[in-house]
Amino acid sequence: MKKKKVNLRDIDNHQHSGEVSDDDCGSCCGNHESEKSSKVLSPYLPAIISFVLLLGGIALDIFNVLFFTDWVRVVWYSIAYVPVGFPVMKQGWKSIVNGDFFTEFLLMSIATIGAFAIGEYPEGVAVMLFYAVGELFQHSAVTKAKGNIKALLDVRPKSATVLRNGDMFSVAPEAVKIGERIQVRLGEKVPLDGKLLSEKASLNTAAISGESKPSTIAQGEKVFAGSINLDGVIEVEVTKEFKDSSIARILDMVQNATARKSKTELFIRKFARIYTPIVVFLAIGLTLLPYFFVEEYIFRDWLYRALIFLVISCPCALVISIPLGYFGGLGAASRNGILFKGASFLDTITKINTLAMDKTGTVTKGVFKIKEIVLHADSEESGESLSEKDFMDYLMAIEAQSTHPIAKAILEYKEEGASSKAKDVFEIAGKGLVGIVAGKSVLVGNKALMVANGITVPKETEAVVESIVMIAVDRKFLGYVVISDELKDGAEAAIEKIRKTGVSKIVMLSGDKDAITQKVAKELHVDWAKGGLLPEDKLNEVEKLKDISGAKVAFIGDGINDAPVLAASDVGIAMGGLGSDVAIETADVIIQTDQPEKVAQAIQIGKSTRKIVWQNIALAFGVKALVMILGAVGMATMWEAVFADVGVALLAILNAVRLQNMKWD
C-alpha cells in the first residue's frame with residue numbers, strides 16, 4: 001500500500017510539565033546555568049577556572065613570591081572568586097528582588113564577602129568554589145533521579161500508521177479515532193490502546209508493566225500503547241483515544257507524582273524558610289554581642305567565627321537530599337512496575353498494619369478454568385460406555401450458544417469445538433440451558449434445573465464448593481464439570497512477604513459466594529474472610545477496620561467495583577490497573593504487573609525511601625550542629641566549615657542516590 005507522509009504534530013509539548021522544578025529541590029538547586037548557555041559553556045568550566053587560580057594563589061602565598069602582595073593578591077583572588085561567586089550573588093539578588101531575602105545564596109554571599117573584608121581571600125574563594133562543586137554534584141544527582149522518572153516518557157509513541165480508504169497514513173496518535181485500524185511494524189511502539197486483529201503478537205511490555213519477559217497476545221486480546229512489537233507486522237483496532245490510553249494516563253500520573261509532597265518534605269521546606277533568617281541573626285549576634293561580655297574583644301576574630309557559622313549552617317544538604325530521596329523512591333518503584341501517585345503515599349504505605357483485599361482478579365486470575373470432569377456411574381447403565389470426549393461434546397455443543405464466562409471456560413476444553421451442533425437452544429433464567437444435540441434432549445445447568453425436570457442429583461455434588469455445571473441427556477444424569485478460578489502464581493508466597501513487611505492483619509473481602517471465599521482464604525492463610533459482599537458491604541467492613549485504634553488500612557482491589565473502598569482506605573492499591581480507568585483515578589498506588597507480591601515490594605520501597613530520608617536528616621543536623629558549636633567557640637576554621645558543609649551535602653546525595661540502585665525481592 002502507498003504510504004502518505006504528513007507532518008506530525010508535536011506531542012512533546014508537556015514533556016517537562018511534570019518534571020521536578022529547581023524550586024522543588026529547594027532553592028539551592030537554582031544556581032545552575034541556563035540550557036542555552038550550557039550549550040556554549042561547560043557548567044564545569046567556571047569551577048575549573050576558580051580551582052586553578054585558587055591553587056595558583058595558595059602556591060604563590062606558600063612560596064612568598066615577591067610580586068604576590070597587596071593589590072596583586074586581591075585582584076588575583078577576586079578573579080578566582082568571580083566565576084563561581086557571581087552566579088550565586090546574582091541568584092541571591094534575584095531572590096531579594098522577588099521578596100525572598102533569607103536564602104542560602106545570601107548566606108554564601110555574606111560569608112565570602114566577609115572573608116574578603118578581613119583579608120581571608122583564599123578561604124572566601126574556597127567557600128564559593130566548594131559550594132559550586134556541591135551544586136554540580138547536586139544537579140547531576142537530581143538529573144539522574146528525574147531521568148529515571150522521565151525515562152518513561154521515552155515510551156510515548158510519536159506516530160501511528162493508520163489505514164484510511166485503502167492507504168496507510170502516518171499521523172500523530174492524537175489524530176487516530178476509536179474503531180480505526182492501525183499497523184505496527186517490527187520494532188515499533190504500539191501508539192494506542194486497542195484490540196489485536198492479527199492472529200497473535202509478541203510484545204515487549206517492560207515500559208508499561210516493568211516485566212522484561214515478552215508477552216504473547218492472542219487475537220482479540222487487549223494491546224496497550226507503549227508496548228514494542230517484537231515479531232512481524234500486526235494490526236490493531238483502536239479502542240481508546242490517545243489521551244485516554246493507558247500510557248498517557250500513566251505518564252500523566254508519574255509526571256504529577258512529584259508535585260504531591262510528603263509531610264517530611266513539606267516540613268523541611270518550611271523549616272528552611274524559618275531556619276535561614278534565624279541563622280543570619282544568630283551570626284550577627286555572634287559578631288556583636290561578645291563585645292559586652294568579653295574583656296579582650298577583637299571584632300575580626302568574632303566576625304570570622306560568625307562567617308564560619310554562616311557557612312556551616314547552609315541548609316543545602318537538607319533541602320536537596322530529601323526531595324532527591326523521594327524522587328529516587330518514585331523512580332525505583334516505576335522501574336519495578338509500581339506507580340505511586342505521590343511522595344506522600346511512599347510515606348503512608350510504610351505505616352500500614354492492616355491489609356484488606358478483594359479475591360477475584362487480586363489473588364486469583366479472574367479467569368474460569370475446568371478443574372474437574374466427573375462422569376456419573378449411572379450413565380453407563382445402558383450398556384454403552386460414555387467417554388469423556390462424548391460427554392464434553394454434548395456439553396460444548398450447548399455452551400457454544402452461551403456468552404457466559406463459564407461457557408467460555410468449557411469451550412476451551414477443545415480448540416476445534418464440539419463435533420456436534422446444538423439446535424433449539426434456549427435459556428431458563430437462573431438455571432441453565434436446554435437444547436437438542438444429535439437428536440437427544442440435553443439439559444445443562446445447575447441443580448435447580450435438574451430438580452425442575454425430575455432428574456435426581458447425586459449427594460456428592462453438595463460437597464463441591466466451586467461452581468458446578470451439571471448435564472443430563474434424555475432425562476438421565478450424565479455427570480458434572482467443576483469450574484473454578486485459579487490462584488495467581490505465587491499468591492501464597494506474596495501473602496507471606498507482605499506479613500514480613502510488618503502487616504499484622506490480612507483479611508479477604510469478596511463479592512463471590514462465601515464458601516469459595518473461605519476456601520481461598522484458607523489456602524492463603526489470611527486471618528479472616530467474608531464473601532457475598534456488595535461494594536457498600538466492603539466499604540462498611542473497611543470502615544470498621546479503620547475504627548480500630550492504631551489501624552492503618554490498605555485495600556487491594558481491581559479498581560472497578562472496589563472504587564469506593566479504594567478511595568476510603570488509607571492507601572488504595574489497584575491490581576492490574578492498566579486496563580482500568582477507575583483504578584488509575586481512584587487508587588493511590590497502581591500495581592501494573594498484576595502480581596500480588598508487588599504489594600510487599602511497594603512497602604519495602606517506601607520503607608527504604610523513608611529510612612534514607614531520615615538518615616540524611618540526622619546526618620545533616622548532627623554534623624552541622626557539631627561544627628557550628630566548634631566554630632562559635634573558635635575551634636574550627638572556615639576551611640573545616642566548608643569541607644563539613646560540602647561533605648555533608650555530598651554524603652547525603654550519595655546516600656539518596658543509593659535508592660536508584662537498590663534491589664527488592
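Excluded from the calculations below are hydrogen atoms, water molecules and symmetry mates; all remaining heavy atoms, backbone and side chain alike, are included. No experiment lies behind these values; they were computed from the predicted model shown.
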Using only atom types and a distance under 3.5 Å, with no angle test, would you say the side chain of [X] pairs donor to acceptor with the backbone of [Y]?
{"X": "Asn353", "Y": "Val503", "result": "no"}
{"X": "Asn616", "Y": "Ala652", "result": "yes"}
{"X": "Asn98", "Y": "Lys94", "result": "yes"}
{"X": "Asn336", "Y": "Ala332", "result": "yes"}
{"X": "Lys546", "Y": "Ala568", "result": "yes"}

Look at the rings of Tyr77 and Tyr121 and say which category their plane angle falls in: under 30° parallel, 30 to 60° tilted, over 60° perpendicular.
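Rings of Tyr77 and Tyr121: parallel, as their planes differ by under 30°.
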
Gap between atom [atom2] of [Y] and atom [atom1] of [X] - 0.5 Å precision:
{"X": "Asn655", "Y": "Lys611", "atom1": "CG", "atom2": "NZ", "result": "9.5 Å"}
{"X": "Ile617", "Y": "Gln615", "atom1": "CD1", "atom2": "CD", "result": "10.5 Å"}
{"X": "Glu120", "Y": "Thr637", "atom1": "CD", "atom2": "OG1", "result": "9.5 Å"}
{"X": "Thr609", "Y": "Leu330", "atom1": "OG1", "atom2": "CG", "result": "7.5 Å"}
{"X": "Ile118", "Y": "Leu303", "atom1": "CD1", "atom2": "CG", "result": "5.0 Å"}
{"X": "Leu289", "Y": "Leu286", "atom1": "CG", "atom2": "CG", "result": "8.5 Å"}

Can you give the donor-acceptor pairs under 3.5 Å from side chains of residues 49-58 to other protein atoms, not counting sequence neighbours?
from  : atom 1 : to    : atom 2 : distance (Å)
Ser50 : OG     : Pro46 : O      : 3.3
Ser50 : OG     : Ala80 : O      : 2.6

Sequence neighbours left out, what passes salt bridge (Lys or Arg N to Asp or Glu O under 4.0 Å) with Asp61? Give chain and number order.
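If we apply the salt bridge (Lys or Arg N to Asp or Glu O under 4.0 Å) test to Asp61, skipping adjacent residues, the hits are Arg73.
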
Could you pull out all residues at least two apart from Arg658 that satisfy salt bridge (Lys or Arg N to Asp or Glu O under 4.0 Å)?
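Arg658: no salt bridge (Lys or Arg N to Asp or Glu O under 4.0 Å) contacts found.
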
Which heavy-atom pair separates [X] from [Y] by the least distance, and what is that distance?
{"X": "Leu659", "Y": "Gly329", "answer": "CD1-N, 3.8 Å"}
{"X": "Gly92", "Y": "Phe105", "answer": "CA-CB, 3.6 Å"}
{"X": "Pro290", "Y": "Tyr297", "answer": "C-CD1, 3.7 Å"}
{"X": "Leu339", "Y": "Ser334", "answer": "CD2-OG, 3.8 Å"}

Run through Met357, Gln604, Lys497, Met575 and flag the one making a side-chain contact (heavy atoms from CB on, under 4.5 Å) with Val599.
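One option only clears the test, and that one is Met575.
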
Could you tell me whether Lys607 atom NZ has more than 12 heavy atoms of other residues or ligands within 6.0 Å of it?
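It does: Lys607 NZ has more than 12 such atoms within range.
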
Does a sphere of radius 6.0 Å around CE in Met635 hold more than 12 heavy atoms from other residues, nucleotides or ligands, not counting ones at 6.0 Å or beyond?
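No, because the 6.0 Å sphere around CE of Met635 holds 12 heavy atoms or fewer from other groups.
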
Assess whether side chain to side chain contact (heavy atoms under 4.5 Å, CB included) is satisfied between Val571 and Lys351, documenting all intermediate values.
CA-CA 10 Å; Val571 177; Lys351 302 170 186 174; over 6 Å; no

Is there a side-chain contact between Ile349 and Phe345, using heavy atoms and a 4.5 Å cut-off?
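In short, these two side chains do not touch, never coming nearer than 4.5 Å.
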
